[in-house]
**Student:** 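Before anything else, here's the structure in question.
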Amino acid sequence: MNELNVALVGCGFFGKQLALSFHKAGANLVGVTDINFQLANQLAEKYSTSAYIDVPTLIESTTPDLVIIATFNYAHMAPAITALNYDCHVFIEVPFALEPQDCKQIMDLARSKNKNVFIGHLLRTLPGVMKAKQFINDNILGKITVARATRQRWIDSALDKNWWKNDVKLTGGKLFNEIHELDLLCWFLGDITSVYAQSTNRAHPDNLENHDIIQLLLQFKSGVFASLEMGTAYRLHEWGISIHGERGALVINFYNSTMTLTLSDGTRQQFNLYDEFEADLSLRESGKSIQKYNEINALAPLWLSRASEIEVQTVIQHLTDNAVSVLTEQPMDAVIVAHAAKTSIQRKMQINLA
Ligand SMILES: NC(=O)c1ccc[n+]([C@@H]2O[C@H](COP(=O)([O-])OP(=O)(O)OC[C@H]3O[C@@H](n4cnc5c(N)ncnc54)[C@H](O)[C@@H]3O)[C@@H](O)[C@H]2O)c1
């Protein structure tokens with residue numbers, strides 16, 4: 001395969017970013033579609049390509065190698081199934097889907113068609129995070145004992161609670177909408193056997209269903225215990241993962257844009273998460289301000305834009321150079337655990353996944 005032909009479904013905030021990332025990486029954007037046809041037209045014009053009325057028309061007219069899906073969280077499944085049925089590879093934005101059986105259906109179809117499913121877990125491909133994964137795989141920490149992940153920040157009450165990003169029925173809730181750290185725990189530490197979760201809303205009374213404090217207690221098949229604490233009711237921002245083992249500890253701090261390895265012999269090594277100073281700086285700056293969800297016409301900040309470009313490079317290398325992208329590994333795990341956590345919250349009990 002020489003030049004990769006890609007088609008885009010969903011031309012909103014992140015669809016635009018993905019179009020740019022694939023374009024910069026040398027892929028050929030052959031066409032786009034969106035239920036908001038004006039948005040599709042605007043993006044098509046920017047890349048001198050065409051907008052199509054729906055997914056089948058897009059694929060039949062452009063015969064892409066890869067279909068990129070950046071629609072609302074609850075609307076990933078239908079275009080993915082259509083694209084696979086037309087024998088295309090698919091790149092699906094996170095969260096993969098809101099129901100584990102939808103992920104399974106997509107994976108089963110992809111397997112039967114011998115096609116790749118890439119999930120947009122873009123934090124995995126940051127250079128510093130890849131290095132952390134390598135340290136874990138190389139057993140540098142020894143037997144891992146315990147891990148802790150956080151995504152704690154403040155987001156002001158939303159004026160428009162009907163906006164899909166504020167509607168828990170459409171996003172799946174924050175655990176799905178911000179699934180990155182749960183995914184990293186699964187990717188780093190393997191199979192989870194049980195989850196206990198609790199959540200509440202303390203600071204956003206205008207949208208009570210959308211919980212702003214979420215806490216998970218996780219047990220892994222390996223015996224590792226972990227916790228994840230996330231939400232938007234935390235005035236003091238914290239965003240990272242720490243993993244402790246018998247021989248040392250790894251700390252990924254997204255607000256410092258660093259990964260630090262401290263060993264029990266007292267040695268310490270620190271790495272930046274990006275290979276470019278400007279992207280590290282942009283991520284560091286992002287921790288300072290009150291955050292908000294990105295609106296349809298917003299531009300991605302530099303750190304997010306670079307993260308998207310890096311993940312897209314791995315997708316292109318996978319499809320053109322047989323270099324396996326980590327975006328194909330353990331695609332469903334985070335959704336399975338997030339779904340179990342939701343059940344745990346509803347039933348107020350620990351859920352076994354074994
Ligand atoms: N990886 C990341 O860090 C990251 C960042 C932002 C968004 N996302 C994910 O990207 C996806 C899109 O988010 P966004 O911020 O771009 O939202 P958005 O609302 O800005 O854009 C979504 C677009 O999809 C279109 N759309 C919805 N359903 C459709 C369908 N069935 N067919 C065609 N078009 C459809 C909408 O009209 C809209 O233009 C979400 O799943 C979100 O979680 C991931």
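Counting convention: from 1, in listed order, for ligands and their atoms alike.
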**Student:** Give the numbers and elements of all ligand 1 atoms closer than 4.0 Å to a heavy atom of His76.
**Tutor:** 41 (O)
**Student:** Look at atom 31 (N) of ligand 1 and say which protein heavy atom is nearest, naming residue and atom and giving the distance to 0.1 Å.
**Tutor:** Ala75 CB, 4.1 Å
**Student:** Show the atoms of ligand 1 that are less than 4.0 angstrom away from any heavy atom in Gly120.
**Tutor:** 1 (N)
**Student:** Examine Phe14 against ligand 1 and note whether any of their N/O atoms are separated by less than 3.5 Å.
**Tutor:** yes
**Student:** Under 3.5 Å, is there a donor-acceptor pair between the side chain of Thr258 and the main chain of Thr260?
**Tutor:** no
**Student:** Ignoring hydrogens, just give me the one of Leu123, Leu8, Ile35, Thr71 whose non-hydrogen atom is nearest atom 24 (O) of ligand 1.
**Tutor:** Thr71
**Student:** Hey, are Glu99 and Lys342 close enough for a salt bridge, meaning a charged N less than 4.0 Å from a carboxylate O?
**Tutor:** no
**Student:** Which label fits His180 and His121: parallel for a plane angle under 30°, tilted from 30 to 60°, or perpendicular past 60°?
**Tutor:** perpendicular
**Student:** Does any N or O atom in Asp34 lie less than 3.5 angstrom from one in ligand 1, N or O only?
**Tutor:** yes
**Student:** Going by the atom numbers of ligand 1, which of them fall below 4.0 Å from some non-hydrogen atom of Leu122?
**Tutor:** 1 (N), 3 (O)
**Student:** For ligand 1, which atoms have a heavy atom of Leu39 less than 4.0 angstrom away?
**Tutor:** 39 (O)
**Student:** Can you tell whether the side chains of Lys169 and Glu209 come within less than 4.0 Å, N to carboxylate O?
**Tutor:** yes
**Student:** Do Glu285 and Tyr255 meet the criterion of a side-chain donor-acceptor pair at a distance under 3.5 Å?
**Tutor:** no
**Student:** Is the closest basic N to carboxylate O distance between Glu311 and Arg306 below 4.0 Å?
**Tutor:** no
**Student:** Which residue holds the protein heavy atom closest to atom 21 (O) of ligand 1, what is that atom called, and what is the gap in Å?
**Tutor:** Gly12 CA, 3.3 Å
**Student:** For Trp164, is the nearest heavy atom under 4.0 Å from an atom of ligand 1?
**Tutor:** yes
**Student:** Using non-hydrogen atoms of the residue, decide whether Lys16 is closer than 4.0 angstrom to ligand 1.
**Tutor:** no
**Student:** At the 4.0 Å heavy-atom cut-off, does His180 count as touching ligand 1?
**Tutor:** yes
**Student:** Would you mind telling me if ligand 1 is within reach of the side chain of Ile296, the backbone, both or neither, using heavy atoms under 4.0 Å?
**Tutor:** both
**Student:** Within the supplied structure, the quantity of interest is the number of heavy atoms (other residues, nucleotides, ligands) at a distance under 6.0 Å from Lys131 NZ; does it exceed 12?
**Tutor:** no
**Student:** Under a 3.5 Å distance rule, please check whether Ser282 uses its side chain to pair with a backbone N or O of Trp303 as donor and acceptor.
**Tutor:** yes
**Student:** Can you find an N or O of Pro95 that's nearer than 3.5 Å to an N or O of ligand 1?
**Tutor:** no
**Student:** Nearest protein heavy atom to atom 8 (N) of ligand 1, by residue and atom, and its distance?
**Tutor:** Glu93 OE1, 3.9 Å
**Student:** Go through Leu261 and Phe135 one step at a time and tell me if the side-chain contact (heavy atoms from CB on, under 4.5 Å) criterion holds.
**Tutor:** CA-CA 9 Å; Leu261 173 69; Phe135 285 146; 3.9 Å; yes
**Student:** Looking only at distances, can you tell me whether any N or O atom of Lys165, backbone or side chain, sits closer than 3.5 Å to an N or O atom of ligand 1?
**Tutor:** yes
**Student:** Between Lys115 and Asp87 (salt bridge meaning N to carboxylate O under 4.0 Å), is one present in this structure?
**Tutor:** no
**Student:** Among all protein non-hydrogen atoms, which one is nearest to atom 20 (O) of ligand 1, and what is the separation to 0.1 Å?
**Tutor:** Phe13 N, 2.8 Å
**Student:** Can you tell which of Phe176, Trp163, Phe72 gets a heavy atom nearest to atom 27 (C) of ligand 1?
**Tutor:** Phe72
**Student:** At what distance is the nearest protein heavy atom to atom 41 (O) of ligand 1, and which residue and atom is it?
**Tutor:** Asn73 OD1, 2.7 Å
**Student:** So for atom CG, which belongs to Asn322, do other residues, nucleotides or ligands contribute more than 12 heavy atoms lying within a distance under 6.0 Å?
**Tutor:** no
**Student:** Going by the atom numbers of ligand 1, which of them fall below 4.0 Å from some non-hydrogen atom of Val9?
**Tutor:** 33 (C)
**Student:** So do the side chains of Asn201 and Ile213 get within less than 4.5 Å of each other, counting heavy atoms only?
**Tutor:** no
**Student:** More than 12 heavy atoms of other residues, nucleotides or ligands under 6.0 Å from CZ of Arg268: is that the case?
**Tutor:** no
**Student:** Report the part of Val94 (side chain from C-beta onward, or backbone N, CA, C, O) that has a heavy atom under 4.0 Å from ligand 1; answer both or neither where that applies.
**Tutor:** both
